[in-house]
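Residue numbers start from 1 in every chain, and the chains themselves are labelled A, B, ... in the order their sequence lines are given, proteins ahead of strands.
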Amino acid sequence: MAERITPRSEDFGRWYTDLVIQGQLADYSPVKGCMVIRPNGYAIWERMQQVLDNMFKETGHVNAYFPLFIPESFMKKEAEHVEGFAPECAIVTHGGGEKLEEPLYVRPTSETIIWSMYKKWIMSYRDLPILINQWANVVRWEMRTRLFLRTTEFLWQEGHTAHSTFEEAEEETLKILEIYRKFAEEYMAMPVIVGRKSEAEKFAGAKHTYSIEALMQDGKALQAGTSHNLGQNFARAFDVTFQDKDGSVKHVYATSWGVSTRLIGALLLTHGDDSGVVIPPRLAQTQIVVIPIWQEATRQPVFDFTNRVFRQLQDHFSVKLDDRDQYKPGYKFTEWEMVGVPLRIEIGPRDVENNQVMVVRRDNRSKTPVGIDELVTRIEQILTVMQQEMYQRALDFQKANTHRSDNYQEFKRILEEKGGFIEAHWCGSAECEEKIKDETKATIRTIPFQREIEAGNCLICGKDSDDGRVIFAKAY
RNA sequence: CGGGGCGUAGCGCAGUCUGGUUAGCGCGCCUGGUUCGGGACCAGGAGGUCGGAGGUUCGAAUCCUCUCGCCCCGACCA
């Protein structure tokens with residue numbers, strides 16, 4: 001550690017890479033496009049898993065595991081699907097020293113293998129719904145990769161559910177979307193726009209794709225989670241039918257949904273600063289680091305006091321004690337700031353005298369002396385306020401960087417000069433969407449659920465757009 | 001795949017143009033001591049066949065040819 005982080009103002013891309021490398025969240029691997037997730041980064045993922053997994057289970061989902069390898073023929077069953085993924089798949093052609101009869105795809109996602117199994121498991125409406133999630137790795141052979149944001153192999157969860165009606169599938173899709181929103185906003189302290197994807201942006205093979213979209217500090221949008229209503233497309237491809245109450249045989253309705261280690265990237269790009277990573281309290285695996293400060297003469301009293309405080313904290317928070325002898329306090333401050341631990345507690349001789357500790361917030365560096373009598377309640381308070389303020393700050397940023405435009409020239413200028421979200425009218429045609437993408441690189445990030453009904457004219461063709469505005473942005 | 005940058009100690013780099021002692025510097029690491037409220041200091045020490053292969057030469061990190069890999073920026077994508 002101990003290297004300098006490039007300031008955001010100097011080079012945003014470098015800053016991001018520095019953050020990940022210096023904060024020891026991840027490291028480059030010997031395999032191009034892949035990364036090693038180091039303990040600091042994996043701790044964030046573990047917390048994400050923990051929180052989301054609980055939310056999934058609370059809503060009736062169960063975990064399972066499906067194989068990494070998918071027969072080539074499976075991939076080809078769903079036409080749109082294979083079209084969407086074929087170019088970015090890794091394919092195993094040899095095994096056991098021999099050429100395989102049928103090549104095996106390394107899963108880019110598991111719809112096909114899962115639906116081949118669901119075919120075996122589903123006979124009657126009584127077998128439905130199936131609400132399965134899996135935590136797994138997937139591989140997509142991307143042209144260009146970036147730590148956490150886009151790597152060849154990444155970790156994610158993919159939920160795959162089966163239902164007897166379209167409405168139920170739609171309900172499931174939206175239920176999950178709400179879980180994602182809640183997780184992003186309440187745990188990651190990252191405000192998101194919830195909405196539906198345009199036809200061009202939706203998942204290959206889906207009826208509807210919904211997503212949560214977040215705005216990063218550099219004004220680019222990032223898709224943080226997606227939930228798809230797949231309709232009967234996969235059931236038809238894999239011939240998955242069930243007999244309904246009335247005796248009729250129908251194809252099953254499906255959903256799939258996922259978030260990935262990309263969320264870690266989103267977290268960094270939302271809250272990180274020039275000193276390093278900032279992790280919101282509710283997501284931090286280590287919430288507090290205690291740093292004793294002593295001189296030779298004060299060593300014993302400081303350590304006694306520190307140990308007492310530390311034990312008390314341990315019962316209520318996840319806390320680490322940094323009593324390493326070989327580093328000075330300032331060095332430790334810098335190091336822990338790089339890693340993003342939400343609170344630092346400094347304990348020096350003066351604090352011992354006053355029977356207090358110094359609590360320092362990572363996000364704004366504010367220092368609060370806290371008497372040890374009220375230690376736990378005050379720290380709980382500080383953590384709660386910090387969580388709220390981090391969210392509010394991010395929300396203020398999002399609002400300040402959301403612009404409206406009814407004029408294409410102006411739209412381009414905003415994109416060029418400021419970036420951010422742009423709310424604009426769109427007629428709904430793929431042509432106009434495509435034109436904007438080609439000319440500006442901005443895409444329709446989402447058609448928000450929450451939008452004013454407002455008549456307007458398409459930015460490109462001028463045709464009526466009566467439902468309201470959609471959100472454009474350049475995206476990660 | 002196009003454009004740019006780069007491979008020399010664990011990390012960051014200098015040396016390469018103009019070939020010539022034992023390949024340097026900073027950080028980190030090890031040992032000992034003094035330190036400790038925002039990246040401590042002193043002393044001593046370990047560590048590199050210069051990405052790889054071939055060639056030119058009395059002599060190559062340095063020149064030539066080939067090759068491998070990485071990072072950044074663009075086209076594709078979560």
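Between A:Tyr28 and the phosphate of B:rC72, there is a side-chain N or O to OP1/OP2 separation shorter than 4.0 Å. Remark: A:Lys441 is in phosphate contact with B:rA75, judged by side-chain N or O atoms under 4.0 Å from OP1 or OP2. Between A:Arg14 and B:rC72 there is no side-chain polar atom (N or O) within less than 4.0 angstrom of OP1 or OP2. In this model, the phosphate group of B:rG37 is not approached by any side-chain N or O of A:Lys332 to a distance below 4.0 Å at OP1 or OP2.
Within 4.0 Å (heavy atoms only), A:Gln223 reaches sugar-phosphate atoms of the nucleic acid but no base atom. Counting any heavy atom pair closer than 4.0 Å across all strands shown, A:Asp351 reaches a base atom. If you check every strand for non-hydrogen atoms under 4.0 Å, A:Leu149 touches a base. Among the heavy atoms of the strands lying under 4.0 Å from A:Glu337 is at least one base atom, whether or not backbone atoms are also near. Within the nucleic acid shown, A:Thr298 has no heavy atom closer than 4.0 Å to any nucleic acid atom.
Summarising the geometry, the separation between CZ on A:Arg324 and P on B:rC36 is reported as 18 Å, rounded to the nearest angstrom. We find that CD of A:Glu434 is positioned 9 Å from P of B:rC76, with the value rounded to whole Å. Between the CD atom of A:Glu213 and the P atom of B:rA78 there is a distance of 11 Å, rounded to whole Å. Atoms CD1 (A:Ile293) and P (B:rG37) sit 7 Å apart, rounded to a whole Å. Rounded to whole Å, atom P of B:rC1 lies 16 Å from atom CD of A:Glu142. Rounded to whole angstrom, the span from the CD atom of A:Glu353 across to the C1' atom of B:rG37 amounts to 13 Å. Remark: P of B:rU34 and CD of A:Glu296 are 8 Å apart, rounded to the nearest angstrom. One atom, CE of A:Met35, and another, P of B:rC71, lie 13 Å apart when rounded to the nearest Å.
Under 3.5 Å, the side chain of A:Glu335 and the base of B:rG38 form no donor-acceptor pair of N or O atoms.
Comparing A:Glu346 and A:Arg140 against RNA chain B, the residue whose closest nucleotide sits nearer the 5' end is A:Glu346. Comparing A:Gly33 and A:Glu153 by the nucleotide of RNA chain B that holds the closest heavy atom to each, the one mapping nearer the 5' end is A:Gly33.
Across all strands shown, B:rG24 is found opposite B:rC13 as a Watson-Crick or G-U wobble partner, with both distances under 3.5 Å. In a base pair of the Watson-Crick type (N1 to N3 plus N6-O4 or O6-N4) or a G-U wobble (N1-O2 and O6-N3), with each distance short of 3.5 Å, B:rA53 is matched with B:rU65. B:rG37 is unpaired under the criterion used here, namely a Watson-Crick or G-U wobble arrangement in which both key atom distances are under 3.5 Å. The pairing partner recorded for B:rG19 is none, the criterion being a Watson-Crick or G-U wobble arrangement whose two distances lie under 3.5 angstrom. Under the Watson-Crick or G-U wobble criterion, with both distances below 3.5 Å, B:rC29 is paired with B:rG45. Base-pair partner of B:rC76: not found among the strands shown (Watson-Crick or G-U wobble, both distances under 3.5 Å).
Screening A:Arg365, A:Arg8, A:Arg14 for a salt bridge (Lys or Arg N to Asp or Glu O under 4.0 Å) with A:Asp274, the sole residue that qualifies is A:Arg8.
Taking the six-membered ring wherever Trp is involved, the centroid distance between the rings of A:Tyr16 and A:Phe148 does not fall below 6.0 Å.
Ring pair A:Tyr118/A:Trp115 is perpendicular by interplanar angle, where above 60° counts as perpendicular and below 30° as parallel.
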